[in-house]
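As the structure lists them, so they are numbered: ligands from 1, and atoms in each ligand from 1. Predicted, not measured: the structure shown is a model, and the values here were computed from it.
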Amino acid sequence: MKIAVSSDHAGYELKKEITSYLKEKGFDFQDFGPLTADPVDYPDQALLVAKAVASGAFTKGIIICGTGIGISISANKIKGIRAALCSDVYSARMARAHNDANVLALGARVVGVGLALAIVEAFLNEAFLGGRHEQRVAKMMALENQ
Ligand code: RB5
């Protein structure tokens, strides 16, 4: 599994915690920046990760802004992306099991570090259930053509 990670300035500190966690756990990941806490626009950062995942070069993405809202809306504009904004572990598990989400969005001003890492762990470890969820995910993706 290859993971693409990015944030805006509001998510910068939490991104550092998450990349440290991914490194410690031995995940294969790439940090798409930013490399400082200077202001950047979340759509630009969302695009980097969304393109990386949509292209197939990366399996999953993790994106962080202040609320997680702007960066998740932005990522979901890119074809092939199913970005889920999660603030609890259950939602992160269901985002994978039922929705086959390929990008996790977090709000650094919403969740603390401990909860954020638990959400990341749940998201990365939960598998898509398939079955009855297949056609729903397919219908969801067909909405891209409306
Ligand atoms: C930046 O101040 C903030 O607007 C951004 O991180 C995010 O919360 C937007 O959705």
K.L.:
Between R93 and E126, is there a side-chain N and carboxylate O pair less than 4.0 Å apart?
P.N.:
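A salt bridge is present here (some side-chain N lies under 4.0 Å from a carboxylate O).
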K.L.:
Do side-chain atoms of E144 reach the backbone of G80 as a donor and acceptor pair under 3.5 angstrom?
P.N.:
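Confirmed, E144 side chain pairs with G80 backbone.
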K.L.:
Which ligand 1 atoms are under 4.0 Å away from a heavy-atom of G66?
P.N.:
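So the atoms of ligand 1 that pass are 5 (C), 6 (O), 7 (C), 8 (O).
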K.L.:
For atom 4 (O) of ligand 1, grab the closest protein heavy atom and report residue, atom and distance to one decimal in Å.
P.N.:
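Minimum-distance protein heavy atom for atom 4 (O) of ligand 1 reads Y42 CE2, 4.4 Å.
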K.L.:
Out of all atoms in ligand 1, which are within 4.0 Å of some heavy atom of A10? Include the element for each.
P.N.:
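Selected atoms, number and element: 6 (O).
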K.L.:
What is the closest protein heavy atom to atom 10 (O) of ligand 1, and at what distance does it sit?
P.N.:
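Result for atom 10 (O) of ligand 1: G70 N, 2.9 Å.
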K.L.:
Donor-acceptor pair, distance only, cut-off 3.5 Å: does the side chain of D31 make one with the backbone of G33?
P.N.:
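Such a contact is found between D31 side chain and G33 backbone.
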K.L.:
Pick out which of I62, I81, I78 makes a side-chain contact (heavy atoms from CB on, under 4.5 Å) with V103.
P.N.:
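Going through I62, I81, I78 one by one, the side-chain contact (heavy atoms from CB on, under 4.5 Å) with V103 is satisfied by I81 alone.
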K.L.:
Distance under 4.0 Å to a non-hydrogen atom of R109: what atoms of ligand 1 satisfy this?
P.N.:
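So the answer, numbered in order with elements, is 1 (C), 2 (O), 3 (C).
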K.L.:
So, does R96 use its side chain to make a donor-acceptor pair with the main chain of A101 at under 3.5 Å?
P.N.:
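Yes: the side chain of R96 pairs with the backbone of A101.
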K.L.:
From atom 5 (C) of ligand 1, work out which of V40, D8, T67 has a heavy atom at the shortest distance.
P.N.:
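Closest candidate by heavy-atom distance is D8.
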K.L.:
Is there a donor-acceptor contact under 3.5 Å from the side chain of N102 to the main chain of K60?
P.N.:
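Absent.
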K.L.:
Just which atoms of ligand 1 are under 4.0 Å from any heavy atom in C65?
P.N.:
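Answer, ordered by atom number: 6 (O), 7 (C), 8 (O), 9 (C), 10 (O).
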